[in-house]
Structures are given as C-alpha cells and as structure tokens.
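Just below is one structure, and these are the notes that go with it.
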Amino acid sequence: MKAVLFYRHGDAEVLEYSDFPTPEPAAGEVLVGLKAAALNRLDIWTRQGWPGIKLEYPHIPGADGAGEVAALGEGVSGWSVGDRVVINANLGCGSCPACLAGWDNRCRDWHLLGETVRGTYAEYVCVPALNLYPLPAGFDPRAAAAAGLVFHTAWHSLIRRAGLRPGETVLVVGASGGVNTASIQIAKLAGATVLVVGSNAEKLALAGRLGADHLIDRSQEENWSRLVFQLTGRRGADVVVDNVGTSFPLSFRAAAKGGRILTVGNSGGPKFEIDNRFIFGKHLSIIGSTMGTKSDFSTVMDLIFSGKLEPVIDCSYPLYQARMAQERLESGEQMGKIILEIG
Ligand SMILES: [Zn+2]
C-alpha cells in the first residue's frame, strides 16, 4: 500500500510518501480501506517527538479516518467487507476496570491511533472492530474523518465532564481550531449562550456562522476578560473552553464564581504560571480530559450524520501531499479541518 511515514523525528520534511506492507488484521481487528483522513495537532507533536517517545519505525501518523471494511480478522462478527465506516481513534484494552465501566478513554493501557500505533495516513489501517462506527450511505467520508477526534473530544469535555446545562454561558478561547469549532456548535446545541475570543475578524466570522452569540477580537482588546464581564452583566462565563493553556490567567478572570475551566490540550505550550488565588477565591474547577468514551463517539457521530453538528473543513490534499497539509496546519492559517483524500 501507499503510506506517509517517517523514520526519525523532525520538521515536515521527515515525512515520506512511500510503499509499506499492507497490514493484516489480527484477531478482533478489521482492515479498513481508507477514503479520507483528517489532520490533528497531535500528528505534528508525534512527528516532532518528545523525550521518552517510543514508536515502532517507520511510524504512520493519523488518528482520524473513514472508508470501507476491506478484510476481517479472526472472530470478528457484525461487519462485512464493503461496509462503510468511520474510525474511533481511542484504543482501550476493553478489559480493565476503566474500560469495563465505560470509561475506555481512561484505560490503563490506553493508546491513540496514529500516536503510539500506526495510523490513517495510508491506504489501509487495522483497528479493533470495536472502534468502528457505521458511516451512512451518501455521507461524505471526508466530513466523517474531519468530525471524529475533535467532536468526540469536545463532546466528552463539555457534556460528559462539565455537565453543560441549557441557559449557561460558555466562553470558547479560540475561534477556528477543530475542537473550538466543535465546542461552539455543541454548546449552542446544548442551549448555552456562547462567547468566542478570536485572533482576527475572519476567524471570528467563522465562529459567528457556527452560532456564537458574542465575538471578541483579541487583536483589539488584549485583556479580553474585561469584555467577557461586560457581555455577561459582570457575572463571567459558567464554562470556559481553554485549550491554549497560556491564556489560563485571563480565563480565570473571565470565569463566573463556581465556573468550570475545561482543557483538552495546550496549543500555547505545556507549562505556564497560574495565580491560585483565582481558583479558590472564585470556587473554580479545572476539568481536564482526553478524547471520549465509545458511548460519546456514537452519540456525537449520530448528531453529525443527522446534520445537527457540522464539521468545518478548511481544505483537502491528496495523501501524497501530506507534508504540505501538515505545513498548513503548522502555519495556523487554516479555518477548520485539513483533510487527506486517499485512493
Ligand atoms: Zn482498558
């Protein structure tokens, strides 16, 4: 098969488009012939590497993908060759206490497709049959791939972890990233009022199209927490979606008393200073999560397939141009998901 892979860590130039043996599904696994993959920031971090990272080289990145069942491993039932599927990238062992309790994203032997095991930048990938979800006839595999990781992550964080309720106010820090565009839509669907802080008018216009009620341009107002207070009748936001991290000081200021600060990542870097006085003084909760559960995946994908939630696609590249696609993601200019078209 054709795949995009790397033998060493570094910038986008380490990515090679080359031949690689088509994997064979082990017991309980399915071979998926991919039609589309979607990029995530995780792909960049995995390519760059981090201290202690252990991969089997060459590594194939990619967490998101959709396509068709191409072959079944031993003992797989309920799927047939040719079935259309979208992949849940969250690989739990299925048998530890967390998995058995339905918290498979807290599995003690947890893996993420494309991070520690070979992923979807390829014509074929093997995944456990339990990680497939049916893709309805006529639904664009590119849109399904675009939705997978980011909507799953945002749903788990906002709905499962934060318990977002109708009538609450949600502040999303960032207007155009995948998890942010998903969070805006999920918060609106849940009946919340949504405020968005963005870096420029174009990205904020996208947030507005997705239903955000109030748009705050941080290029016009550095201390945007002041505007959040004005827009919420000096109350602050009940829930703050902050996947930047370095913006926590302003998010703490912008939160209402008793507010929940949600984080699923740190695009601004992993380490930053916080002022603890805000946390106890304002009764704040900081809620972290990674990915979501199987039940979250089916719930959110059904909302995608019925059109109640809509993945935002920036652009598509053929698989062999994965290097250009990752460079676009690193530029930060994209508005929504970047897709790889396969086959
Ligand atoms: Zn487990």
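First listed ligand is number 1; within each ligand, the first listed atom is number 1.
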For [Y] together with [X], are the ring centres under 6.0 Å from each other?
X: Y7; Y: Y57; value: no
X: W103; Y: H156; value: yes
X: H9; Y: F6; value: yes

request  = Below 2.8 Å of the Zn ion (ligand 1), tally up the protein N/O/S atoms for me.
outcome  =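 Every protein N, O or S atom under 2.8 Å from the Zn ion (ligand 1) counted, the figure is 4.
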request  = Kindly give the cluster partners of I313, where membership spreads through any ILVMFWY side chain lying under 4.5 Å from a current member.
outcome  =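 Besides I313, the hydrophobic cluster comprises I339, listed by chain and residue number.
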task = Would you kindly say whether N200 and D217 are connected by a side-chain donor-acceptor distance under 3.5 Å?
result =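 Judged by distance alone, the side chains do not pair up.
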query = Is the closest side-chain donor-acceptor distance between S295 and R160 under 3.5 Å?
reply =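 Judged by distance alone, the side chains do pair up.
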